[in-house]
Amino acid sequence: MGRDNHLLNLIKKHQNHRKAIKQIHTQLIFTTAQNTFNNPSSIPVILTLWNSLIRHYSLGISPQESIYLFKQLKCQYHPIIFFDSFTYSFLIKGSANLGNFCVGQQVQCLSLKDGFESHVYVQTALVNMYAECGFVGDAKKVFDEMPVRNSVTWNALISGFVKWGDVKVARAVFDAMPEKNVISWTGLIDGYTRMGRFNEGLSLFREMVMVEGIKPSEVTLLAIFPAIWNVRCLECCRMIHGYGEKSGIDAFDIRVMNSLIDSYAKCGSIDDAVRVFEDISDERRNLVSWTSIISGYAMHGMAKEASDSYKMMVDAGVEPNRVTFLSMLNACSHGGLVDEGLEFLRKMVDEFGIQPDIKHYGCLIDMLGREGRLEEAEKIALEIPNTMSNVVIWRTLLGACSFHDNADMGERVMQKIMEMEKKYGGDYVLLSNILAGMGRYVDSEVVRLVMDEQSAPKAPGLSFT
């Protein structure tokens with residue numbers, strides 16, 4: 001018994017360390033079997049030991065290991081050990097993390113067979129499992145048949161509908177919920193922001209805080225930030241900043257501070273973004289902090305400040321990633337610093353071993369196109385692998401051709417676009433305008449005729465008068 005308790009303490013101590021858990025698992029195999037058969041009084045402790053391992057595996061990188069362990073135990077200890085609600089709850093969670101609906105169903109059948117059809121924890125785990133796997137109808141069925149539900153049950157169902165984009169039903173469940181907590185409100189707010197219904201998300205957030213008096217958690221704040229910067233609500237940004245400082249969230253959650261930097265910049269106040277960044281101590285600043293301020297400078301056309309921040313970041317020992325370089329390329333593009341942008345691309349590839357993706361190529365072509373270096377831009381566009389290239393790249397170049405009145409290249413670019421997509425009228429109009437601007441009216445009219453033959457729609461003009 002003493003050894004079993006020692007092993008249980010070891011599991012609790014090393015529950016986040018896979019290697020240590022594996023060693024404990026091995027020791028359990030050799031020590032518990034004999035104790036179980038010779039000393040029935042040790043069964044509760046031994047079951048707790050195995051449940052702790054099942055829980056670890058179900059939440060880990062290989063959830064299927066929890067299922068394998070359960071099968072092994074069932075064969076080895078049946079009918080001496082009867083598995084409890086914790087066992088089935090952990091197994092169902094493992095099935096959810098595995099994304100395996102069939103395994104989850106099998107575990108459900110076993111749990112029903114062992115008498116857990118009305119157990120709130122087991123049934124809540126089932127609601128979550130079905131919702132996670134995309135079977136929200138089955139999740140709702142389990143939910144409806146539960147004689148007793150708790151707040152976790154309701155939140156699991158709301159989260160399931162939110163995850164699969166059915167905010168309308170999620171709202172109906174939320175409205176029917178007898179006692180809502182911060183998790184319930186956060187789940188629905190997150191649903192609205194994910195679906196692009198930003199004003200509804202903000203309205204719900206205000207109702208939660210001002211009407212119901214529920215204090216938002218750091219997760220709530222992270223969920224509402226996309227709504228704030230999408231509607232450009234600088235006042236909301238400052239309100240959340242003040243709340244974060246008073247509640248202490250800013251002091252312990254760097255994610256909130258980083259999101260504030262990003263939101264202030266997107267709401268138009270780079271000065272506020274800089275102040276938040278400077279309030280973060282050197283020890284707490286991470287890659288996201290640096291990338292957020294660099295991105296903020298980029299979107300405000302402050303290429304020099306972005307470049308200076310990049311240098312400070314590297315001097316601080318923080319290694320940039322592909323998002324950091326994308327922000328730097330954007331900064332150079334909007335600041336007209338073409339050679340500096342090309343140098344950043346070289347550093348990205350040669351010094352940090354990061355291969356450019358389609359967004360980096362798009363920035364390069366936009367940067368070169370703005371400065372009229374069209375031949376270089378076309379050369380880069382032609383070198384993009386076919387598996388990566390898309391029509392947006394060529395449309396960016398076509399726009400540059402239009403701006404710089406380069407009809408010859410415009411025709412070549414248009415040919416590339418037509419190989420990918422023929423049904424967007426804006427491309428034809430742009431090329432037609434390029435040709436007309438060069439005095440090639442006959443060619444311009446031919447392009448218009450081709451557009452009509454292809455039935456390519458052109459967006460109608462709008463007027464407020």
Side-chain angles (χ1 to χ4, degrees), residues 258 261-262 265-266 285-404 406 409-410 412-421 424 427:
N258 293 340
I261 296 169
D262 187 52
K266 287 176 177 175
R285 286 177 188 159
N286 59 19
L287 175 59
V288 178
S289 312
W290 286 102
T291 300
S292 296
I293 195 63
I294 290 170
S295 176
Y297 283 133
M299 68 180 72
H300 284 265
M302 302 167 70
K304 182 182 183 302
E305 289 82 355
S307 182
D308 290 343
S309 294
Y310 173 87
K311 290 172 186 174
M312 288 189 288
M313 178 189 74
V314 174
D315 290 342
V318 179
E319 186 171 306
N321 64 7
R322 61 176 59 252
V323 180
T324 316
F325 281 112
L326 182 62
S327 297
M328 282 310 310
L329 288 174
N330 270 318
C332 292
S333 177
H334 290 99
L337 306 178
V338 178
D339 292 332
E340 289 85 347
L342 293 172
E343 175 61 16
F344 274 112
L345 183 75
R346 185 201 64 76
K347 287 180 181 178
M348 182 179 85
V349 176
D350 295 344
E351 296 182 18
F352 295 95
I354 301 172
Q355 293 304 311
D357 60 28
I358 195 65
K359 292 181 180 178
H360 297 99
Y361 283 120
C363 274
L364 276 177
I365 290 167
D366 180 59
M367 179 175 67
L368 292 165
R370 285 170 183 264
E371 296 301 305
R373 294 166 64 165
L374 301 181
E375 288 74 15
E376 293 173 76
E378 184 182 28
K379 184 174 183 293
I380 289 173
L382 290 168
E383 290 174 352
I384 299 174
N386 290 332
T387 54
M388 188 186 299
S389 184
N390 63 30
V391 73
V392 177
I393 292 290
W394 293 101
R395 283 189 180 134
T396 302
L397 186 53
L398 184 62
C401 293
S402 174
F403 185 80
H404 293 284
N406 191 324
M409 185 180 293
R412 294 198 300 273
V413 171
M414 188 64 186
Q415 185 60 44
K416 284 288 185 181
I417 292 173
M418 291 182 67
E419 290 172 6
M420 297 180 179
E421 183 181 309
Y424 179 63
D427 299 325

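Closest approach of Asp357 and Met388 over heavy atoms only: C-SD, 3.7 Å. Counting all heavy atoms, side chain and backbone alike, Val413 lies closest to Trp394 at CG1-O, 3.2 Å. Smallest separation of non-hydrogen atoms from Ser333 and Asp366: OG-OD2, 2.9 Å. In plain terms, the two heavy atoms of Cys401 and Gly410 that are nearest each other are SG-N, 3.8 Å. Nearest heavy-atom pair, His300 versus Ala265, reported as atom, atom and distance to 0.1 Å: NE2-O, 2.9 Å. In plain terms, the two heavy atoms of Val338 and Glu371 that are nearest each other are CG2-CG, 3.1 Å.
A donor-acceptor distance shorter than 3.5 angstrom exists from the side chain of Ser292 to the backbone of Val288, with no hydrogens or angles considered. Checked by atom type and distance alone, the side chain of Ser327 pairs as donor or acceptor with a backbone atom of Val323 at under 3.5 Å. Looking at Arg322, its side chain does come within 3.5 Å of a backbone N or O of Gln355 through a donor-acceptor pair.
Rounding to the nearest 0.5 angstrom, the gap separating the CD atom in Glu343 from the CE atom in Met348 is 12.5 Å. Atom CD1 in Ile358 sits 9.0 Å away from atom OG1 in Thr387 (nearest 0.5 Å). Distance check: Met313 CE to Leu287 CG gives 6.5 Å after rounding to the nearest 0.5 Å. Of the inter-residue distances, the one linking Ile384 atom CD1 with Ile365 atom CD1 reads 4.0 Å to the nearest 0.5 angstrom. Once rounded to the nearest 0.5 Å, the distance linking CG of Leu326 with CE of Met328 reads 11.0 Å. From Leu397, atom CG reaches atom CE of Met409 across 6.0 Å, with rounding to the nearest 0.5 Å.
For the pair Ser295 and Asn330, the minimum side-chain heavy-atom distance is 4.5 Å or more. Ile380 has its side chain out of reach of Leu345: every pair of non-hydrogen atoms, C-beta onward, lies at least 4.5 Å apart. Leu342 has its side chain within reach of Arg373: a pair of non-hydrogen atoms, C-beta onward, lies under 4.5 Å apart.
Residues in residues 305-330 take part in these ring-ring contact (aromatic ring centres under 6.0 Å, His included) pairs, two or more places apart or across chains: Tyr310-Phe325, Tyr310-Phe344, Phe325-Phe352. Each ring-ring contact (aromatic ring centres under 6.0 Å, His included) pair with one or both residues in residues 355-381, not counting sequence neighbours, would appear here, but there are none.
With respect to the salt-bridge test (charged N to carboxylate O, under 4.0 angstrom), the residues Asp262 and Lys266 qualify.
Not counting sequence neighbours, the partners of Glu378 by the side chain to side chain donor-acceptor pair (under 3.5 Å) test are Arg412. Among residues two or more places apart in sequence or in another chain, the salt bridge (Lys or Arg N to Asp or Glu O under 4.0 Å) test is passed with Asp350 by Arg346. Taking the salt bridge (Lys or Arg N to Asp or Glu O under 4.0 Å) definition, one finds that Lys304 meets it with Asp308, sequence neighbours left out. Residues that satisfy the salt bridge (Lys or Arg N to Asp or Glu O under 4.0 Å) test with Lys379, not counting sequence neighbours, are Glu383.
The number of heavy-atom neighbours closer than 6.0 Å to NZ of Lys359, taken from other residues, nucleotides and ligands shown, is 12 or below.
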